[in-house]
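Below: one structure, written as structure tokens.
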Amino acid sequence: MLEGSNLRGQLIAFIPARGGSKGIKRKNLMKIGNETLVEIAIKSAIESKIFNFVIINSEDTEIRDLVHSKFSDHKQIIVQDRPEEYWHDNTIQEVDRLIEWSIKKFEKEHSTQVDEIVLLYPTAPLRKSNNIIEAFEIYQKYQFDSLLSVTESREYLWKIGPNNSMLGPINYSPFKRGPNQLEGWNQWKENKSIYIFKKHLLEEGARIGGKVGFYEMDKISSIDIDTIADLELARHIYESKKY
């Protein structure tokens, strides 16, 4: 655990690892190097050394068996079977509701209290344990209620309207277009790598709320695997050891 931690209850890493992914079939079992995405996520949590427990939640027998076999020596690893109502990833705030269900189950089975949760999606394989540590240190230092990891975006965004008609730009004016680096706005996008939040926020409806902080990551470390192209890019970067 981090020195100076003021935790009253448990600090939990939560890793959702659904087997029935839609974009890439069985995405969480895809490999980067010699390890699956779910293994890489679990290792980053373990190596950070800040968690009391790491919960891996999946409806998929193969994923659960893999975690049991690969991490049987780690007593902090908790593997949960996912209720069928959370199998399909097709409802609003489904992951938040799943985490809420999972934490209640964990607290009941272990007669303990969870105060704070760190959500780590397996689809961010270039996230390092040091990113998790640094994000949590910022979260603690500024006493945020929630924190999310982001990456800078300098993209010019347009909104497409009905019938594929272009309605216009969202974040800039074509009449005042300057060099990208000199635009008058700064913007960041969620990279789906790290979310830290107090448990009570789930009961209020969403994991992001209250006093919200951010942890900035570079574009390479922020790759989120949603398509085959994302997967191949992450593999290339990982194998080149350039991150």
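Every value quoted in this text rests on a predicted model; they were computed, and no experiment measured them.
Between Y172 and Y156, the distance separating the two ring centers is shorter than 6.0 angstrom.
For the residue pair T123 and D224, a side-chain donor N or O sits within less than 3.5 Å of a side-chain acceptor on the partner. Side-chain contact, T112 with Q10: a donor N or O sits under 3.5 Å from an acceptor N or O. If you check the side chains of H200 and E204, you find a donor sitting under 3.5 Å from an acceptor.
Side-chain atoms of S221 never come within 3.5 Å of backbone atoms of D218 as a donor-acceptor pair (strictly under, hydrogens ignored).
Residues forming a ring-ring contact (aromatic ring centres under 6.0 Å, His included) with F175 (at least two apart in sequence, or on another chain): none. Residues that satisfy the side chain to side chain donor-acceptor pair (under 3.5 Å) test with D96, not counting sequence neighbours, are Q93, R207.
For the ring-ring contact (aromatic ring centres under 6.0 Å, His included) condition, the pairs that include at least one residue of residues 103-127, sequence neighbours left out, are F53-F106, F53-H110, F106-H110.
Taking 4.0 Å as the cut-off between side-chain N and carboxylate O, D115 and K198 do not count as a salt-bridged pair. Taking 4.0 Å as the cut-off between side-chain N and carboxylate O, E59 and R18 do not count as a salt-bridged pair.
Just one residue in the list L120, V118, V114, L98 forms a side-chain contact (heavy atoms from CB on, under 4.5 Å) with F14, and that residue is L98. Paired with N28 under the rule side-chain contact (heavy atoms from CB on, under 4.5 Å), one option of I63, D60, I225, I56 passes, and it is I63.
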